[in-house]
There are 2 protein chains.
Amino acid sequence: MTATQPTQPDALTSTRERGHRTQAQRRERTRTALLDATIDCLTERGYARTSVQEICARAGVSKGAQQHHFTTKAELMATAVEHLTNRIQADILAASGELPEGPELVEQGIDLIWQGFAGTLSSAVMELWVAARTDAELAAAIKPVDKALGRSTLELFQTLAPDMPQQTLETLYWLTVNLTRGLALDAQIGGDATRRNQLLTEWKHIALAIYRGDVA
Amino acid sequence: MTATQPTQPDALTSTRERGHRTQAQRRERTRTALLDATIDCLTERGYARTSVQEICARAGVSKGAQQHHFTTKAELMATAVEHLTNRIQADILAASGELPEGPELVEQGIDLIWQGFAGTLSSAVMELWVAARTDAELAAAIKPVDKALGRSTLELFQTLAPDMPQQTLETLYWLTVNLTRGLALDAQIGGDATRRNQLLTEWKHIALAIYRGDVA
DNA sequence: GAACTTACATGCCGAATGGAATGTTTTCCA
DNA sequence: TGGAAAACATTCCATTCGGCATGTAAGTTC
């Protein structure tokens, strides 16, 4: 009655008016809350111990709300994959701003990949990946999204190093990504951190040699 | 009365006498049946969907028997890790017999590591590994066993290539292991097999260059 | 061959899970 | 302003899980 600005929701007032939110706003809010909670759960408790009840509790959302947005648990997980990938991509893109050119790009690029593909968020990815091996539905959801992430990151490097031969860059990139993922696995169960750093350093040397053309 | 050779169980007769088995035999039999079934379950259904009921069913063993040998599920899993590692180690050892010397060892060695660390059995390892990230008890069981497998395989290569510098061999070995594990992950969710083979080939070239001393 | 230990089987229980059913509140739109 | 629709909350249920309790059979020991 009193302060109900009806048809023309001014952006300034509408966000300020406490208690009043657009349907779209409400939707977006609880949706991301659920997806973030899912990622948290995966990171902290692992896929096997992640239940929708736990997710709802963390998101501060009722089970009913969850079911309204994601009919089944599988659907929630599938959507979480996308959400997760977006966050990783955003992180990588944000960190890619300060990258140098020339040979130093190789070292820093490897570090960037390491951070992106072995960070906290990647633990959640790993959980979903491994789960997807025996879950066709999840695999179907993951595959395209992951492929897109890999390709877009590769394109990022192609932009940063336009003078570098395509073939060399691609090889270097994918080798680094896969090595990183292996090392990330090692890190997860508490492997020797010193050795990991040594290996990463060694790999940088090798990659530099390849970059210079010393190795075919 | 008739054929009961009592205190001195002749190996020949005891195995032949149908229906009569030593306690040790019975024990060993159901134990390995359970452990093998566990690995099968992990491979086919994944850690999250692996239940003791399923394991018992596959092993053809009652729940009571399982509980007799492994009080808790965690204990079963922990023991399965050891069993699993032993099987992998045996596979590697068996395949290592026909390895050549010199430069060709590098290529074939990489193939050997690939087969050992990315084969079917390794899917089960992966499941347990990822589960161990959020399960301290399981991690405690895995860590020493895995470390032992890694070291013993490294020692195998040290025996096969005695003339190779320690430092070079170690670096090459661990880089290959971790790269392999990353590629194994990629393979599990149906990544591009062609690209994997290309990367493996590329890596062999690089490794050969390192072996020759072309790269520091 | 009888006491004893080990191996195996069956049935049951509390807890937790994913999902369905149903009711309530908030926003939207004509 | 009133009704439809979307967002959210509560309750319940069938199933499954891991583990315990109790009982039976097979092997060992003296």
Side-chain angles (χ1 to χ4, degrees), chain A residues 1-9 13-15 17-34 37-38 41 45-57 59-78 131 135 137-138, chain B residues 1-9 13-15 17-34 37-38 41 45-57 59-78 131 135 137-138:
Chain A
M1 288 273 192
T2 51
T4 335
Q5 307 282 353
T7 45
Q8 198 77 317
T13 50
S14 71
T15 51
E17 270 181 284
R18 54 193 76 224
H20 183 82
R21 289 181 304 162
T22 308
Q23 292 283 54
Q25 284 177 325
R26 290 177 65 178
R27 182 179 179 80
E28 183 60 18
R29 186 178 241 267
T30 66
R31 245 171 166 273
T32 60
L34 279 168
T38 303
C41 247
R45 319 221 338 155
Y47 185 83
R49 281 203 263 256
T50 290
S51 68
V52 293
Q53 327 222 21
E54 171 93 10
I55 293 172
C56 289
V61 158
S62 71
K63 279 190 67 175
Q66 177 266 320
Q67 290 212 14
H68 176 67
H69 292 285
F70 310 97
T71 321
T72 170
K73 184 186 182 182
E75 192 182 327
L76 174 58
M77 288 294 169
D135 185 332
E137 192 178 352
L138 193 55
Chain B
M1 279 285 193
T2 53
T4 338
Q5 307 282 354
T7 45
Q8 199 78 316
T13 50
S14 71
T15 52
E17 273 181 282
R18 55 191 74 225
H20 183 82
R21 289 180 303 160
T22 308
Q23 293 282 56
Q25 283 177 326
R26 292 177 64 180
R27 182 181 178 79
E28 184 61 17
R29 188 178 238 267
T30 64
R31 245 171 168 273
T32 59
L34 279 168
T38 303
C41 245
R45 321 220 338 155
Y47 185 84
R49 280 202 263 254
T50 290
S51 67
V52 293
Q53 328 222 20
E54 172 93 11
I55 294 172
C56 290
V61 157
S62 71
K63 279 189 65 177
Q66 175 266 320
Q67 290 216 2
H68 176 66
H69 292 284
F70 310 97
T71 321
T72 171
K73 183 186 182 181
E75 192 182 327
L76 174 59
M77 288 295 167
D135 185 331
E137 192 177 352
L138 191 56

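Residue numbering restarts at 1 for every chain, and letters A, B, ... go by the order of the sequence lines. Because only heavy atoms are used, hydrogens play no part in the values below, and waters and symmetry mates are left out as well, while side chains stay in.
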Worksheet, complete the sentence: Assign each of B/Ala24 and B/Val52 the nucleotide of DNA chain D bearing its closest heavy atom; nearer the 5' end lies the nucleotide of B/Val52
Worksheet entry | Spacing between A/Phe70 atom CZ and D/dC8 atom C1', to the nearest angstrom | 14 Å
Worksheet item: Reckon B/Thr71 touches a base, only the sugar-phosphate, or nothing at all at heavy-atom distances under 4.0 Å?
Response: nothing
Discussion item. From the set D/dG27, C/dA7, C/dT17, return the single nucleotide nearest to any side-chain atom of B/His69.
Written reply: C/dA7
Worksheet item: Rounded to the nearest Å, what distance is computed from the CE atom of residue B/Met77 to the C1' atom of nucleotide D/dG19?
Response: 15 Å
Discussion item. If the cut-off is 4.0 Å, is B/Thr30 near the phosphate of C/dC8, judged by side-chain N/O to OP1 or OP2?
Written reply: yes
Item to complete: Name the closest nucleotide to the A/Ser62 side chain, picking from D/dC8, D/dT28, C/dG18.
Response: D/dC8
Worksheet entry | Heavy-atom closest pair, residues B/Glu75 and B/His69 | OE2-O, 3.7 Å
Worksheet item: Can you name the closest pair of heavy atoms from A/Lys63 and A/Cys56 and give their distance?
Response: CA-SG, 3.9 Å
Worksheet item: Between C/dC8, D/dA6, D/dG18, which nucleotide has the shortest distance from any of its atoms to the side chain of B/Lys63?
Response: D/dG18
Worksheet entry | Value in whole Å for how far the C1' atom of C/dT6 lies from CD of B/Glu28 | 15 Å
Response to the item:
Testing D/dA9, C/dT17, C/dT26 for proximity to the side chain of A/Arg26, the answer is C/dT26
Worksheet item: A/His68 has a side chain; which of D/dA9, D/dA6, C/dC8 sits nearest to it?
Response: D/dA6
Discussion item. Checking contacts here: which listed nucleotide (C/dT17, C/dG19, C/dC8) is nearest the side-chain heavy atoms of A/Thr72?
Written reply: C/dG19
Discussion item. Tell me whether the side-chain N or O atoms of A/Lys73 pair up with the base of C/dG19 as donor and acceptor below 3.5 Å, since no angle test is needed here.
Written reply: no
Worksheet item: Would a distance-only check, ignoring hydrogens and angles, find a side-chain to backbone donor-acceptor pair under 3.5 Å from A/Thr22 to A/Gln25?
Response: no
Worksheet, complete the sentence: A/Arg27 CZ to D/dA5 C1', in whole Å, measures 13 Å
Worksheet item: Expressed in angstrom and rounded to an integer, what is the separation of A/Arg29 atom CZ from C/dT26 atom P?
Response: 15 Å
Discussion item. For A/Ile55 and A/Phe70: C-alpha separation, side-chain torsions, deciding distance, then whether side chain to side chain contact (heavy atoms under 4.5 Å, CB included) applies.
Written reply: CA-CA 12 Å; A/Ile55 293 172; A/Phe70 310 97; over 6 Å; no
Item to complete: Provide, to the nearest angstrom, the distance between the CD atom belonging to A/Gln25 and the P atom belonging to C/dT27.
Response: 10 Å
Practice prompt. Search all heavy atoms of A/Gln66 against all heavy atoms of A/Leu34 and return the closest pair with its distance.
Written response: CA-CD1, 3.8 Å
Practice prompt. Round to a whole Å and report the spacing from CZ of B/Arg49 to C1' of C/dG18.
Written response: 13 Å
Discussion item. Expressed as a whole number of angstroms, how long is the span from B/Gln23:CD to D/dT29:P?
Written reply: 9 Å
Discussion item. Is there, by distance only and without an angle test, a donor paired with an acceptor across the side chain of A/Gln67 and the base of C/dA20 below 3.5 Å?
Written reply: yes
Worksheet item: B/Gln53 near the nucleic acid: base, sugar-phosphate alone, or nothing, with a heavy-atom cut-off under 4.0 Å?
Response: base
